[in-house]
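Just below is one structure, and these are the notes that go with it.
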Amino acid sequence: MEGGVQRGLECQKIMDGKVYDNGEKAIPSCCLKARAAVPESDAKCHSTVVSGWFTEARSSSGEKQLYYNNPMWPGAAHSIKVEKILFQEKSLYQEVLVFESTNYGNVLVLDGIVQLTDKDEFAYQEMIVHLPLCSIESPKNVLVVGGGDGGVLREISRHTSVEHIDICEIDEMVIDVSKKFFPELALGFEDPRVTLHVGDAVEFLKNSPEGKYDAIVVDSSDPVGPAQELVEKPFFETLARALRPGGVLCNMAESMWLHTHLIEDMISICREIFKGSVHYAWTSVPTYPSGVIGFILCSTEGPPVDFLNPINPIEKIEGAVKHRRELRFYNSEVHTAAFSLPSFLKREVSSLRDSSSTKGLVFP
Ligand code: SPD
């Protein structure tokens with residue numbers, strides 16, 4: 001771990017140091033090697049990374065490292081100015097990078113993709129938790145899949161009705177770096193109701209009793225690499241089996257600007273499996289690609305769940321709004337608004353046309 005930090009700092013020193021006569025900054029030798037390993041057109045992206053800016057890119061975990069625009073958001077790359085690299089190491093599953101940025105606080109990056117920044121993480125964590133938990137009465141047993149940074153746990157902690165929280169995170173390194181560099185999120189692990197399971201969620205769910213959970217939150221990374229199977233049908237079947245009748249699932253579901261096909265596929269799969277209801281909601285996270293991210297909310301057959309009108313409003317749960325730190329994004333108005341979908345999305349994702357928010361409207 002320490003060696004990784006050291007390597008990162010060295011690289012940063014070189015980046016910040018040498019300046020050519022024409023005013024351009026020198027590119028460190030490690031980066032020149034990486035550039036030489038990729039086609040000229042792709043290599044250009046990497047020189048931007050090493051000029052003191054992090055740019056979302058894709059790196060292979062094989063012998064060579066390739067840096068280019070991530071295929072999940074073609075033709076665009078968001079950059080964040082780096083102040084200092086704090087940690088970089090390869091875990092058993094992915095590359096883990098933490099850096100201090102000039103304007104967004106600390107940033108967690110997995111396999112080249114921003115997972116969270118101190119500045120805007122709350123818009124994601126608050127929504128992925130309170131959309132499902134405020135939609136049912138008195139949630140007691142909750143499961144978190146992924147979420148190793150602890151932010152989702154921090155938000156579940158606001159719910160006094162909750163008695164037990166299981167979290168299944170595959171990558172222990174994510175938990176460790178979060179405890180060190182993201183204490184405002186990792187404080188979620190301090191809740192005595194939390195039981196941590198380090199391992200594969202698919203295996204964990206296979207061994208969970210049927211109907212155990214009132215709510216499940218899937219806080220995964222994008223469906224490339226270790227999270228690939230988390231958007232496939234067998235996984236959703238396992239989730240549904242672990243929920244009680246009328247239990248709820250909230251699953252990260254990418255960006256409406258970039259991934260309508262993925263959203264369509266996930267919704268069709270969920271409609272087959274979850275016989276209660278299936279909805280799409282979204283929030284704004286400036287440091288995610290396209291600046292928005294969505295969630296699929298599903299309920300199993302049983303007591304009906306009205307996702308659009310929370311039955312368990314956060315404002316009525318004693319102490320919830322100010323627990324540990326005040327809510328910054330979520331409230332009951334935002335909850336309902338999150339299910340309002342732009343016309344282009346309803347047009348492109350045909351399965352969203354028949355949701356209750358579109359009743360009576362025609363989308364040619
Ligand atoms: N495109 C990035 C999606 C990241 C989703 N997971 C974020 C983890 C925050 N707890």
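We count ligands from 1, going down the list as the structure has it; atoms in each ligand are counted the same way. The first residue in the sequence is number 1, and the count goes up from there.
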Fill in the blank from the handout: for atom 4 (C) of ligand 1, nearest protein heavy atom and its distance come out as Gln115 OE1, 3.5 Å
Exercise for the section: Keeping to residues at least two apart or across chains, list the ring pair (Phe, Tyr, Trp, His ring centres under 6.0 Å) pairs with something in residues 232-266. Expected result: Trp257-Phe344
Practice task
Would you mind finding which of Leu108, Ile128, Ile293 brings a heavy atom closest to atom 3 (C) of ligand 1?
Solution key: Ile293
Practice task
Take Asp166 and Lys212, measure what salt bridge (charged side-chain N to carboxylate O under 4.0 Å, His left out) needs, and give me the verdict at the end.
Solution key: CA-CA 11 Å; Asp166 282 319; Lys212 174 171 181 184; 3.3 Å; yes
Problem - Basic-acidic side-chain contact under 4.0 Å: Glu184, Arg154 - result: no
Practice task
Answer yes or no: does an N/O atom from Asp149 fall short of 3.5 Å to an N/O atom of ligand 1?
Solution key: yes
Exercise for the section: Verify whether one side chain among Ser351 and Ser268 offers a donor that lies under 3.5 Å from an acceptor in the other. Expected result: no
Exercise for the section: Kindly say whether Pro139 contributes a backbone atom to a donor-acceptor pair with the side chain of Ser161 at under 3.5 angstrom? Expected result: yes
Handout entry: Close-contact set for ligand 1 against Asp219 heavy atoms, below 4.0 Å
Key = 6 (N), 7 (C), 8 (C), 9 (C), 10 (N)
Practice task
State if Ser220 counts as touching ligand 1 under the rule of any non-hydrogen atom under 4.0 Å.
Solution key: yes
Practice task
Record the part of Val114 in heavy-atom contact with ligand 1 below 4.0 Å; permitted values are side chain, backbone, both and neither.
Solution key: backbone
Fill in the blank from the handout: Sorted by chain and residue number, the ring-ring contact (aromatic ring centres under 6.0 Å, His included) partners of Tyr124 (sequence neighbours excluded) come out as Tyr288, Phe295
Problem - Shortest protein contact, atom 7 (C) of ligand 1 (heavy atom only) - result: Tyr288 OH, 3.2 Å
Practice task
Give a yes/no verdict on whether any heavy atom in Asp222 is under 4.0 Å from an atom of ligand 1.
Solution key: yes
Practice task
Check Glu121 against ligand 1 and report side chain, backbone, both or neither, counting heavy atoms closer than 4.0 Å.
Solution key: neither
Problem - Within 45° cone and under 6.0 Å: Lys179 NZ/CZ vs Phe189 ring - result: yes
